[in-house]
There are 2 protein chains.
Amino acid sequence: MPRSRSAPTIHDVAAAAEVSVSTVSRVLNAKEDVAAATFARVQGVIEALGYESSMAARGMRSSSTQVIGLIMPDMDHSYGIEVIKAASRVITGTAYDLVAMTCGSKHHAERGRWQQQRVRRLNGTITDGVIVVVPDVASFDTDYPLVAIDRMVAGATYASVSSDNQGGALAVMAYLLGLGHTRIGYVDGLEFLESAAHRRAGYLAALEAAGLPVDPSLIQPGDFKRSAGRVAMRHFAALADPPTAIFACNDDMALGVMEEAQLLGIKVPEALSVVGYDNVPEAANARPALTSVDQGIEPMVQMAIELLLELISGRERGGDSARMQEQIKMPSRLVVRDSCMTPAPRPDRQMPSRKATAKPVAAQPATAQQATAKSIKKGGEAPLHA
Amino acid sequence: MPRSRSAPTIHDVAAAAEVSVSTVSRVLNAKEDVAAATFARVQGVIEALGYESSMAARGMRSSSTQVIGLIMPDMDHSYGIEVIKAASRVITGTAYDLVAMTCGSKHHAERGRWQQQRVRRLNGTITDGVIVVVPDVASFDTDYPLVAIDRMVAGATYASVSSDNQGGALAVMAYLLGLGHTRIGYVDGLEFLESAAHRRAGYLAALEAAGLPVDPSLIQPGDFKRSAGRVAMRHFAALADPPTAIFACNDDMALGVMEEAQLLGIKVPEALSVVGYDNVPEAANARPALTSVDQGIEPMVQMAIELLLELISGRERGGDSARMQEQIKMPSRLVVRDSCMTPAPRPDRQMPSRKATAKPVAAQPATAQQATAKSIKKGGEAPLHA
DNA sequence: TATACTACCGGCAACGTTACCGGTAATGAT
DNA sequence: ATCATTACCGGTAACGTTGCCGGTAGTATA
């Protein structure tokens with residue numbers, strides 16, 4: 001056997017099996033019209049040679065590669081990693097393979113260009129469709145199967161699935177209000193991200209629904225970093241009428257809030273309740289364990305992949321799928337841990353309509369209802385979109 | 001403009017720019033022999049159309065894709081994730097792109113086949129070379145650029161870079177012996193993995209070099225899981241002459257040892273010193289903070305990528321690179337934290353040659369020499385290879 | 001003015017694969 | 001015995017790209 005050091009091609013297989021390349025191709029693709037004996041012989045040669053068809057050539061000719069791409073800004077952030085892990089798990093159950101690619105976490109401004117470039121690069125050549133994580137652009141100029149995960153910008157022309165940020169925020173607020181808090185501070189996120197905007201909208205909507213006033217001094221800006229939580233905490237502590245609970249737009253900031261509170265001698269949860277968002281692993285390890293909102297990355301990714309596969313098969317069947325621009329919202333889940341409790345009664349301030357519910361005995365962390373409060377607010381998505 | 005919904009090809013660009021496809025190709029590849037005016041015009045059309053060359057077609061024709069692949073068993077394990085992150089960072093500085101692929105964390109037995117399959121699939125089609133993480137097979141039947149990371153099986157025929165496990169173990173032992181420990185327990189790893197074998201070899205070599213006997217009861221089996229550390233600890237505690245220090249083959253098991261020691265009322269580090277391996281994030285967060293060995297994944301990955309790029313360019317320049325089978329060992333670094341100290345003097349046992357060095361005053365954690373003990377044992381790699 | 005050189009560009013073939021069409025042999029029907 | 005049908009298989013043309021060769025025009029040299 002002429003041991004060619006470079007990978008064998010379909011021609012090598014054909015020659016060794018003494019058939020034409022067409023027949024080998026038919027065997028590879030499990031087509032009809034090939035005799036059982038021939039089929040077995042060719043398959044044997046394939047095994048023997050360790051032949052594997054070139055996905056580049058195959059993809060070029062048949063525009064079906066059985067590979068889906070995952071494009072993300074970077075792989076340093078834990079969120080992206082979670083997505084990869086979930087996608088890796090989900091894809092195992094399908095006939096597809098997964099390739100992950102970063103699009104260089106360049107400056108925010110030019111990231112859109114990079115995403116476009118990556119999408120185009122994969123498009124129609126080595127993948128049958130792509131999932132883009134946290135896209136920065138409103139539209140990709142292609143009709144090839146694509147679904148975005150999280151943080152669609154308003155008016156996106158592509159399919160996307162993201163978590164119900166507003167619903168999650170509403171769940172947090174319902175929980176906090178239910179505990180008896182009426183002064184709830186909010187640490188905001190970067191305003192140009194839809195996720196942050198929706199969470200904030202949930203915070204405001206919940207206040208309004210509860211008939212509580214919106215106090216601007218209770219809303220502090222943030223950038224998702226831990227340090228922002230710390231400065232926000234310092235600000236809140238300096239207030240004449242400080243909040244009894246703080247809802248931070250993400251866990252990192254909530255952790256920052258807790259750190260700074262400890263430094264200031266404010267005990268969590270006794271003197272201050274804190275809630276985060278994202279349910280990162282550190283949330284469970286914090287002291288006290290941080291109550292947070294779990295976005296359920298895995299079901300989100302699963303949904304995205306299912307939708308993508310449907311788009312792909314729909315495209316193969318001809319006409320454009322009706323779901324090409326579908327925007328799916330996944331429910332979030334409030335994970336109650338130890339960082340919240342009923343607010344301590346404040347002697348200097350009279351509670352108009354409440355009786356003395358806050359007996360000292362009630363002063364224990366509210367860990368009873370473990371991770372139950374589902375926040376499936378079905379119709380709660382309109383207010384933000386104009 | 002005929003707004004073709006599918007991605008534009010080089011022919012579309014050529015037609016729009018009124019040149020031949022050859023000229024467009026020359027522009028794309030920044031070749032000479034094209035007039036400045038033409039160059040600019042073509043480039044303008046490329047921009048306008050948003051054209052991106054198909055990496056499948058390009059790769060097929062020119063066998064240079066500017067992409068390197070990363071093949072790993074799964075993306076669920078933190079080790080793999082660290083490798084991805086590091087690779088993502090390192091690749092940013094080069095002209096290459098990175099695609100990551102899992103090879104399905106199937107059963108160990110058939111994983112080798114999967115790795116082979118993935119390598120062949122990528123080979124020569126969409127990547128210029130691949131990095132395989134933790135390969136299970138001794139050789140890949142190809143000569144295309146490939147470097148393995150970590151845990152080469154003995155007699156590998158491909159290039160690989162892994163951490164100096166034996167050196168790391170020697171550093172641990174030097175540290176422990178230096179503190180005055182003479183009875184040092186060892187919790188082993190899965191024996192079929194080279195990493196575990198080398199660490200064990202380091203343990204044994206250090207004992208021999210120090211003139212200490214090898215006590216089989218001080219060597220307990222393990223499987224890298226936390227539970228294994230716990231049962232090992234129980235075993236050690238039941239010994240008539242228990243060890244004063246325990247070196248576990250990885251951090252998870254060391255953490256298990258510490259947990260169980262606490263349950264047994266054995267204080268760490270006062271009554272028992274513990275050292276782990278891998279320096280996982282939890283090691284720093286443990287109480288007491290766990291002394292461990294940092295494998296330095298990032299420099300390892302960096303080295304792997306550098307080597308791979310050299311193999312690629314060497315291949316392009318013709319002859320096979322001399323480094324095609326290079327086996328690189330990266331130095332490990334002992335990270336000293338709070339889990340070790342000088343052994344307490346034992347009244348019932350006389351120390352033959354030592355004077356009373358263990359004054360009560362010396363009973364404080366040895367945190368002074370922070371992360372310095374480099375374990376660059378240059379010549380210490382032969383003993384394991386036959 | 002004739003020749004040689006250079007700058008620039010187009011045509012052709014090939015990479016490895018699959019879709020499509022057509023051809024041969026064997027089988028069944030008349 | 002002739003014809004139609006079927007089962008099987010081979011040849012050819014693409015897919016989008018780049019490498020190579022050759023060709024034309026313009027400029028410098030004799």
Side-chain angles (χ1 to χ4, degrees), chain A residues 4 6-43 45-46 49 51-67 120-128 144 316, chain B residues 4 6-43 45-46 49 51-67 120-128 144 316:
Chain A
S4 142
S6 59
T9 74
I10 199 173
H11 288 97
D12 300 326
V13 176
E18 297 178 315
V19 291
S20 71
V21 289
S22 305
T23 302
V24 179
S25 177
R26 270 188 287 262
V27 171
L28 285 171
N29 297 84
K31 288 277 175 66
E32 326 290 307
D33 268 11
V34 41
T38 314
F39 194 100
R41 178 159 42 98
V42 172
Q43 199 121 41
V45 172
I46 290 174
L49 261 54
Y51 167 77
E52 183 80 22
S53 73
S54 154
M55 50 191 293
R58 189 220 301 274
M60 209 172 80
R61 186 64 240 261
S62 69
S63 66
S64 166
T65 59
Q66 296 299 107
V67 176
R120 278 201 285 258
R121 186 171 257 191
L122 259 38
N123 175 353
T125 65
I126 65 171
T127 55
D128 291 344
Y144 122 104
E316 279 169 359
Chain B
S4 144
S6 59
T9 73
I10 199 173
H11 288 99
D12 300 326
V13 176
E18 295 178 315
V19 292
S20 71
V21 290
S22 303
T23 302
V24 178
S25 177
R26 270 187 288 262
V27 171
L28 285 172
N29 297 84
K31 289 278 175 64
E32 327 290 307
D33 269 10
V34 40
T38 313
F39 195 99
R41 179 159 43 97
V42 172
Q43 198 121 40
V45 173
I46 289 174
L49 259 53
Y51 166 76
E52 182 78 22
S53 73
S54 154
M55 52 191 291
R58 188 220 302 272
M60 209 172 79
R61 183 61 237 256
S62 68
S63 66
S64 166
T65 59
Q66 297 297 109
V67 177
R120 276 200 288 256
R121 187 171 256 189
L122 260 37
N123 175 353
T125 65
I126 65 170
T127 56
D128 291 344
Y144 120 104
E316 279 168 359

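Computed from a predicted model, the values in this text were never measured in an experiment. Note on naming: letters A, B, ... go to the chains in the order of the sequence lines (proteins, then strands), and numbering restarts at 1 for each one.
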Check your understanding: What's the spacing between B:Thr65 OG1 and B:Met60 CE if we round to 0.5 Å?
Key ->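 Interatomic distance, B:Thr65 OG1 to B:Met60 CE, rounded to 0.5 Å: 13.5 Å.
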Review point. Roughly how far, to the nearest 0.5 Å, is the CZ atom of A:Arg58 from the CD atom of A:Glu52?
Key: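 If we round to the nearest 0.5 Å, A:Glu52:CD and A:Arg58:CZ are 7.5 Å apart.
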Between atom [atom1] in [X] and atom [atom2] in [N], what is the gap in whole Å?
| X | N | atom1 | atom2 | value |
| --- | --- | --- | --- | --- |
| B:Glu18 | C:dG10 | CD | P | 10 Å |
| A:Gln66 | C:dT17 | CD | P | 16 Å |
| B:Ile126 | C:dT17 | CD1 | C1' | 15 Å |
| B:Phe39 | C:dC8 | CZ | C1' | 14 Å |
| B:His11 | C:dG10 | NE2 | P | 12 Å |
| A:Asn29 | C:dA19 | CG | C1' | 10 Å |
| A:Arg58 | D:dG16 | CZ | P | 18 Å |
| A:Met60 | C:dA19 | CE | P | 13 Å |

Practice item. Give the nucleotide from the list D:dT17, C:dC9, C:dT17 with an atom nearest to the side chain of A:Thr9. Key: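 My answer, after comparing the listed nucleotides, is C:dT17.
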Exercise for review: Looking at every strand, decide which applies to B:Thr23 at a 4.0 Å heavy-atom threshold: base, sugar-phosphate, or nothing.
Suggested key: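 Sugar-phosphate: the residue B:Thr23, judged by heavy atoms under 4.0 Å, touches backbone atoms but no base.
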Check your understanding: Counting any heavy atom closer than 4.0 Å, what does B:Tyr51 reach on the DNA or RNA strands: base, sugar-phosphate only, or nothing?
Key ->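 Sugar-phosphate contact only - B:Tyr51 comes under 4.0 Å of backbone atoms but never of a base.
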**Study point:** Nearest atoms (heavy-atom pairs only) where A:Val27 meets A:Ile46
**Key:**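 Of all heavy-atom pairs spanning A:Val27 and A:Ile46, the closest is CG1-CD1, 4.4 Å.
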Check your understanding: Taking atom types as modelled and ignoring hydrogens, do the side chains of B:Ser25 and B:Ser22 form a donor-acceptor contact shorter than 3.5 angstrom?
Key ->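 No, because no side-chain N or O of B:Ser25 sits under 3.5 Å from a partner of the opposite role on B:Ser22.
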Give a yes/no on whether any side-chain N or O of [X] is located under 4.0 angstrom from OP1 or OP2 of [N].
| X | N | result |
| --- | --- | --- |
| B:Ser62 | D:dT18 | no |
| B:Ser54 | D:dG16 | no |
| B:Lys31 | D:dG19 | yes |

**Study point:** Per-nucleotide protein contact string for nucleotides 20-26 of chain C (B base, S sugar-phosphate only, - none; heavy atom under 4.0 Å)
**Key:** -------
Check your understanding: So, do B:Arg41 and B:Thr23 sit near enough that their side-chain heavy atoms are less than 4.5 Å apart?
Key ->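 Answer no - side chains too far apart.
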Check your understanding: For A:Tyr51, which of A:Leu28, A:Val45, A:Val42 qualifies under side-chain contact (heavy atoms from CB on, under 4.5 Å)?
Key ->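 Of all the options given, the one that passes is A:Leu28.
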Review point. With distance as the sole criterion, do the side chain of A:Arg61 and the base of C:dT18 form a donor-acceptor contact below 3.5 Å?
Key: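 Flag set: donor-acceptor pair detected.
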Check your understanding: Quick check: are there more than 12 heavy atoms from other residues, nucleotides or ligands sitting under 6.0 Å from CD of A:Gln66?
Key ->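 Result for CD/A:Gln66: enclosed.
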Exercise for review: Could you check B:Thr38 against A:Ile10 and say which one's nearest nucleotide on DNA chain C is further toward the 5' end?
Suggested key: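 Closer to the 5' end of DNA chain C: B:Thr38.
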